[in-house]
There are 2 protein chains.
Amino acid sequence: MPDHHPARSRRTTERKGDVRERAILDTCEALLAQQGYDAMTVGDIAQGAGITRGALYFYFGSKQEVVTALVARTVEHLWERSRATAQTDDPRQAIAAAMRRTVELWNEHGLVMRTAIDLSLTVPEIGELWSHTADLFITAIAAVLERAGVEAGTEPEQASAMARALCWMIERTFYHASQKSREELQKASSTCEHIWLISAGLVA
Amino acid sequence: MPDHHPARSRRTTERKGDVRERAILDTCEALLAQQGYDAMTVGDIAQGAGITRGALYFYFGSKQEVVTALVARTVEHLWERSRATAQTDDPRQAIAAAMRRTVELWNEHGLVMRTAIDLSLTVPEIGELWSHTADLFITAIAAVLERAGVEAGTEPEQASAMARALCWMIERTFYHASQKSREELQKASSTCEHIWLISAGLVA
DNA sequence: TCAAAAAGTCTACACAACGTCGATTTTCAT
DNA sequence: ATGAAAATCGACGTTGTGTAGACTTTTTGA
């Protein structure tokens, strides 16, 4: 709506701060991998981003806010990615596709996802982001179960509740497997897919 | 080997320190419920136990050590309790009994169990305790699956791997449900039991 | 073009919690 | 009752946090 200059792409300039902000998040992600959340200090992040602590506080109010922003950035990816996945009517294919996608997501973003899970209790904002993400998955799983013939509803043995349990199974199994290796993750995926299929009544 | 006094039961007296130590752990558990791990300070624990910080460091080297001891104490309970459970040959009954027992454990010790899970990554000792506990459950679940006819082995679709996934499903589902209410926990239990039964091939 | 406003940065400070130390008091077995 | 071991205390040094105010760079618009 604003900005009528004809031959100009959306945002004219990229604020210097935008670059720094990205540098901060990138550094945070790297440090998270190297030292873990507790060991990582605000000074470390600032240093890695090429500024002082004082300057970092211009961008974020605390270490928690930095990590929250990092999680938000990552979760954004997940959502985009999920939206972009082709839809299938055949439950079997839908399940296979979902598991394949999930493996990719954990391979790419496992570290941040694990961090998000770990901090969900401590940092309410992150808990919010993660539980919202989980809800998306639960809804998707429930839809597949229903299409496969599982009775719809929220009672303990109906689709919604089962989808929730399956979602947590996948989350936790992948959480552990992604800490070990890609091979483990792949195996874990097979197991989860198998249980999902059985739960949907799609296996003898 | 030492101590030959005939008419004396094992430990003659209970050291004053033993009482204090228990008081510290009790206080820690209470504070954990009230404020959570991060908010809880060593000073708080000491005060709650009726001593100063300095004195507390006579018993434990750090806040983490205190919590680790608390987790160890609780986990001890779990093991005793599990050992004391009647064994059944009928898989259906075994599953029902296991789930019933699990609900009880989470009702009684949910807070500490959740704390143990949360700190597993940060505090290696706690991670150790918890993963060992999980292994016990995984072994038990696998045994039931095998007795129900699931092929034994560690490949992705065999008993061990499935048991692991089911264990994480139960852990995570109970983790969340126990934060809400006993009713939620009960429902969660039904759902998990259902999926376990299906996975064992015990449901049409 | 250029000056004022906005954005970004730095150093220094005050604070909270941690863990340690040495001195001191209490407990307890003989 | 007494001496060694157990338990307690208060004070100290350290580290990491978040804030404040002064300073520099960048952007904006007349």
Side-chain angles (χ1 to χ4, degrees), chain A residues 2-5 8-28 31-32 34-70 119 122-123 125, chain B residues 1-28 31-32 34-70 119 122-123 125-126:
Chain A
D3 191 72
H4 286 181
H5 299 293
R8 268 282 173 69
S9 75
R10 287 309 174 141
R11 273 263 151 277
T12 313
T13 48
E14 182 173 45
R15 287 235 173 296
K16 183 187 178 189
D18 297 339
V19 180
R20 266 289 137 77
E21 196 166 317
R22 231 180 302 134
I24 292 172
L25 296 189
D26 291 343
T27 303
C28 178
L31 290 179
L32 224 37
Q34 292 169 26
Q35 344 185 319
Y37 180 79
D38 286 332
M40 172 183 73
T41 171
V42 174
D44 294 338
I45 305 177
Q47 186 172 12
I51 52 178
T52 60
R53 271 172 14 88
L56 187 145
Y57 278 102
F58 174 76
Y59 295 96
F60 300 99
S62 67
K63 187 167 125 180
Q64 296 196 343
E65 273 193 29
V66 176
V67 179
T68 301
L70 175 61
L119 296 180
T122 328
V123 188
E125 302 237 339
Chain B
M1 214 66 107
D3 189 72
H4 287 185
H5 298 293
R8 268 284 172 70
S9 75
R10 287 305 172 147
R11 273 266 151 274
T12 312
T13 47
E14 181 173 47
R15 288 240 169 292
K16 182 187 178 189
D18 297 338
V19 180
R20 267 288 137 79
E21 196 166 318
R22 232 179 302 132
I24 291 172
L25 295 188
D26 291 343
T27 303
C28 178
L31 290 179
L32 224 38
Q34 291 169 26
Q35 342 186 321
Y37 180 78
D38 288 332
M40 173 182 73
T41 173
V42 174
D44 294 339
I45 305 176
Q47 187 174 7
I51 53 179
T52 59
R53 273 169 18 84
L56 187 145
Y57 278 101
F58 172 77
Y59 294 97
F60 299 99
S62 68
K63 187 167 123 179
Q64 297 195 343
E65 272 192 30
V66 176
V67 179
T68 301
L70 175 60
L119 296 181
T122 328
V123 188
E125 301 238 338
I126 293 181

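Here is the naming used below: chain letters follow the sequence lines, and residue numbers restart at 1 for every chain.
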Please tell me if the side chains of A/Cys28 and A/Lys63 come closer than 4.5 Å, counting only heavy atoms from C-beta onward. no

From CG of A/Asp38 across to C1' of C/dA17 the rounded distance in Å is 14 Å

At what distance, to the nearest 0.5 angstrom, does OH of B/Tyr59 lie from CD1 of B/Ile51? 6.0 Å

Round to a whole Å and report the spacing from CG of B/Asp44 to C1' of C/dA16. 12 Å

To the nearest Å, give me how far apart CD (A/Gln47) and C1' (D/dT15) are. 16 Å

Rounded to whole Å, the CZ-P distance (B/Arg15 to D/dA7) equals 6 Å

Nearest to side-chain heavy atoms of A/Ile51, which nucleotide of C/dT9, D/dG18, C/dG19: C/dT9

Quick one: which of D/dC9, D/dT19, C/dT9 gets closest to the side chain of A/Tyr57? D/dT19

Under-4.0 Å side-chain N/O to phosphate OP1/OP2 contact, A/Thr52 with C/dC10: yes

Would you kindly give the CD-to-C1' distance between B/Gln64 and C/dA17, to the nearest whole Å? 14 Å

Which distance, rounded to the nearest 0.5 Å, do you find between the CG of B/Leu32 and the OH of B/Tyr37? 9.0 Å

If each of B/Lys16 and B/Lys63 is mapped to the nucleotide of DNA chain C with the nearest heavy atom, which maps nearer the 5' terminus, i.e. the 5' end? B/Lys63

Which nucleotide in the set D/dG10, C/dC10, D/dG18 lies at the smallest distance from any side-chain heavy atom of A/Val42? D/dG18

Selected nucleotide, minimal atom distance to A/Tyr59 side chain, candidates D/dG16, C/dG19, C/dT9: C/dT9

Could you give the CZ-to-P distance, from A/Phe60 to D/dG18, as a whole number of Å? 14 Å

Selected nucleotide, minimal atom distance to B/Phe58 side chain, candidates D/dA7, D/dG10, C/dC18: D/dA7

Indicate, yes or no, whether a donor-acceptor pair under 3.5 Å links the base of D/dG10 to the side chain of B/Arg53. no

C/dG8 base / A/Arg20 side chain donor-acceptor hit below 3.5 Å: no

Quick one: A/Leu56 CG to D/dG16 P, roughly how many Å, whole number? 15 Å

Please state whether the phosphate of C/dC18, meaning OP1 or OP2, lies under 4.0 angstrom from any side-chain nitrogen or oxygen of B/Thr41. yes

Do B/Leu25 and B/Phe60 have side chains that approach each other closer than 4.5 Å (heavy atoms only, starting at C-beta)? yes

Could you check whether B/Gly54 gets within reach of a base, just the sugar-phosphate, or nothing at all, counting any heavy atom under 4.0 Å? base

What is the distance from OH of B/Tyr37 to P of C/dA17, rounded to the nearest Å? 14 Å

Polar side-chain atom of A/Glu65 near backbone of A/Gly61 as donor-acceptor pair, under 3.5 Å: yes

